[in-house]
Amino acid sequence: MKKLKWISMIAIVSILLAACGSDGASGNDSSGGDSSSQSVVFGTGGTSGAYYAIGGSLKPIFEESDSIGNVTVESTGASVANIQNITDGLNQMAIVMSDVAYDAVEGKGQFEGNKVDVQAMAGMYQNVVQVVAMSDSGIKSIEDLKGKKVGVGQVGSGVEQSAKKVLEAAGLSYDDLEKVTHTGYADSVQEMKNGTLDAAFFTSGVPNSNITDLMQQNDVSFVEIKGDLADKLMEKYPFYKTFTIDSGDEAKYNLDAKVETVGIQNMLIVSKDLSEDTVYDLTKRYYDYLGTDAVAVAPLKEVDRDEMAKGLIAPLHPGAKKFYEEKGLLE
């Protein structure tokens with residue numbers, strides 16, 4: 001009899017535990033971790049750069065989506081690595097420069113013969129081509145760089161790629177320069193201070209802190225990229241867009257006169273494996289966020305949210321396209 005009672009008790013306990021387990025599972029399904037949500041790895045760039053800061057600021061915005069369980073902001077080697085990681089399924093979202101995305105879509109440059117299905121979610125701020133010359137150098141135009149000592153950025157960098165393209169559009173090459181140095185921003189500025197460089201290329205957001213540092217105790221001028229030169233550049237390389245550095249803006253060098261130049265747009269890309277509904281929701285949340293005072297990272301403050309679907313190098317993900325069509329934001 002005692003044995004039968006114990007068997008009965010064990011059976012009852014087992015039933016109760018099963019019921020509790022079922023309720024617990026049901027409770028979890030109705031919470032933020034339901035089976036329809038997924039984790040997203042967000043590829044950015046180096047931890048000290050703008051891409052990583054932007055990823056951190058957008059993480060909580062995207063995690064508000066019912067489709068997203070959590071967002072992991074990952075430091076990467078930036079554009080090329082981010083495109084490769086999305087192709088390999090390691091990242092589901094990333095920030096890239098449009099020139100790299102263009103090469104990937106067209107199968108050119110570093111992606112020669114290997115086209116990649118890059119899908120855009122939204123445009124972002126521009127990395128602006130800023131050519132700065134010492135005032136006593138006599139450099140007033142890109143053509144005036146001929147016979148001068150010029151810093152063109154580190155070998156293989158985005159800065160050098162822009163420098164080569166701008167010089168090419170002006171009918172120049174490295175052979176036409178007296179001296180070419182492949183230095184980073186800080187070293188280029190130091191050489192300009194020392195008088196061993198006449199000018200240097202900077203491709204970054206505005207302002208660039210190194211240029212600001214140079215301007216503290218030195219007279220410099222910005223060399224414009226405009227008119228026929230800009231048209232020629234944009235015709236051959238459609239990822240370039242016009243950009244104006246306004247005058248009288250203390251946050252942007254506090255210039256006496258505006259500077260016309262060009263920039264390369266950064267953009268958010270997503271995996272084609274993300275559903276239409278998910279990307280629609282993420283695009284909406286990004287758009288809504290840009291319309292608030294909560295935007296803290298400076299480059300995002302430069303984004304005109306009503307222009308973020310225009311002029312993109314890569315095709316839009318269906319979810320993003322649906323959102324922009326509903327808002328009437330497509331060209």
Side-chain angles (χ1 to χ4, degrees), residues 44-57 75-82 94-102 123-133 142 150-167 181-193 197 199-216 218 220-226 230 233 237 239-246 249-255 258-268 295-304:
T44 58
T47 55
S48 62
Y51 282 12
Y52 191 76
I54 290 171
S57 69
S75 174
T76 70
S79 298
V80 174
N82 288 343
I95 308 174
V96 299
M97 282 184 66
S98 289
D99 56 345
V100 176
Y102 177 80
M124 304 187 84
Y125 68 102
Q126 291 191 53
N127 277 357
V128 182
V129 181
Q130 301 163 76
V131 186
V132 180
I142 296 298
V150 184
V152 297
Q154 295 174 329
V155 175
S157 67
V159 181
E160 188 193 26
Q161 295 304 311
S162 289
K164 284 182 174 180
K165 291 177 173 65
V166 171
L167 290 170
T181 62
H182 292 90
T183 49
Y185 297 150
D187 288 338
S188 290
V189 164
Q190 190 57 53
E191 286 202 47
M192 292 174 78
K193 289 179 178 179
L197 275 185
F201 281 79
F202 303 79
T203 302
S204 70
V206 177
N208 180 301
S209 60
N210 294 276
I211 296 176
T212 302
D213 173 54
L214 177 64
M215 295 174 69
Q216 294 298 317
N218 299 271
V220 302
S221 60
F222 284 77
V223 184
E224 294 187 299
I225 301 171
K226 63 180 182 179
L233 191 64
Y237 304 105
F239 45 81
Y240 282 108
K241 291 185 175 184
T242 59
F243 188 94
T244 300
I245 306 175
D246 294 324
D249 188 339
E250 293 185 2
K252 298 177 182 177
Y253 310 124
N254 196 25
L255 300 174
K258 69 178 183 179
V259 173
E260 294 181 40
T261 183
V262 296
I264 304 170
Q265 187 176 35
N266 293 283
M267 61 182 185
L268 277 169
V295 179
V297 180
L300 288 184
K301 294 181 180 180
E302 301 295 321
V303 181
D304 181 346

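The figures here come from the full heavy-atom set of this structure, side chains too, leaving out hydrogens, waters and symmetry mates.
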Exercise. State, with a plain yes or no, whether a side-chain heavy atom of Met192 is found less than 4.5 Å away from one of Asn218.
Key: no

Quiz item: Without hydrogens or angle criteria, can the side chains of Gln161 and Tyr237 be said to hold a donor-acceptor pair below 3.5 Å?
Solution: no

Quiz prompt | Shortest non-hydrogen contact from Thr203 toward Gly158 | solution = OG1-O, 4.4 Å

Quiz item: Around atom NZ of Lys193, are there more than 12 heavy atoms of other residues, nucleotides or ligands at under 6.0 Å?
Solution: yes

Practice problem: Would you indicate whether the side-chain heavy atoms of Val223 and Ile142 approach each other to under 4.5 Å? | Solution: yes

Quiz item: Can you check whether Tyr185 reaches Ser209 side chain to side chain, under 4.5 Å on heavy atoms?
Solution: no

Quiz item: Just how far is it from atom OG of Ser162 to atom OH of Tyr240, taken to the nearest 0.5 Å?
Solution: 3.0 Å

Quiz prompt | From Met124 atom CE to Met267 atom CE, the distance as rounded to the nearest 0.5 Å | solution = 11.5 Å

Exercise. Would you check if the side chain of Glu160 reaches a backbone N or O of Gly153 as a donor-acceptor pair within less than 3.5 Å?
Key: no

Self-check item: Pair Leu268-Ile95, side-chain contact (heavy atoms from CB on, under 4.5 Å): steps then yes or no
Solution: CA-CA 5 Å; Leu268 277 169; Ile95 308 174; 3.9 Å; yes

Self-check item: Heavy-atom side-chain proximity of Thr261 to Gln130 below 4.5 angstrom
Solution: no

Quiz item: Between the main-chain N or O of Gly45 and the side-chain N or O of Ser75, is there a donor-acceptor pair closer than 3.5 Å?
Solution: yes

Quiz prompt | Rounded distance (nearest 0.5 Å) linking atom OH of Tyr253 with atom CD1 of Ile245 | solution = 6.0 Å

Quiz item: What is the minimum heavy-atom distance between Ser188 and Thr183, and which atoms define it?
Solution: OG-OG1, 2.7 Å

Quiz item: When you measure from the side chain of Ser79 to the backbone N and O of Met97, does any donor-acceptor pair fall under 3.5 Å?
Solution: yes

Exercise. Might you point out which heavy atoms bring Ala50 and Tyr125 nearest each other, and give the distance in Å?
Key: CB-OH, 3.6 Å

Quiz item: Could you give the distance from CG (Asp187) to NE2 (His182), rounded to the nearest 0.5 Å?
Solution: 13.5 Å

Quiz prompt | Lys252 NZ to Thr244 OG1 distance, which is reported to the nearest 0.5 Å | solution = 10.0 Å

Exercise. Nearest 0.5 Å please: distance from the CD1 atom of Ile225 over to the CG atom of Leu233.
Key: 7.0 Å

Quiz item: If you measure only the distance, is there a donor-acceptor pair under 3.5 Å linking the side chains of Thr76 and Tyr51?
Solution: no

Exercise. Determine the minimum heavy-atom distance between Gly205 and Asn127, stating which atoms define it.
Key: N-OD1, 4.0 Å

Exercise. Determine yes or no for a side-chain-to-main-chain donor-acceptor pair under 3.5 angstrom, with Asn82 supplying the side chain and Thr44 the backbone.
Key: yes

Practice problem: Taking all non-hydrogen atoms of both residues into account, name the closest pair between Ile264 and Ser98 and its distance. | Solution: CG2-N, 3.9 Å

Practice problem: Check whether any side-chain heavy atom of Val132 lies under 4.5 Å from a side-chain heavy atom of Phe222, and answer yes or no. | Solution: yes

Self-check item: Least distance between heavy atoms, Ser204 atom then Asn208 atom
Solution: OG-ND2, 3.0 Å

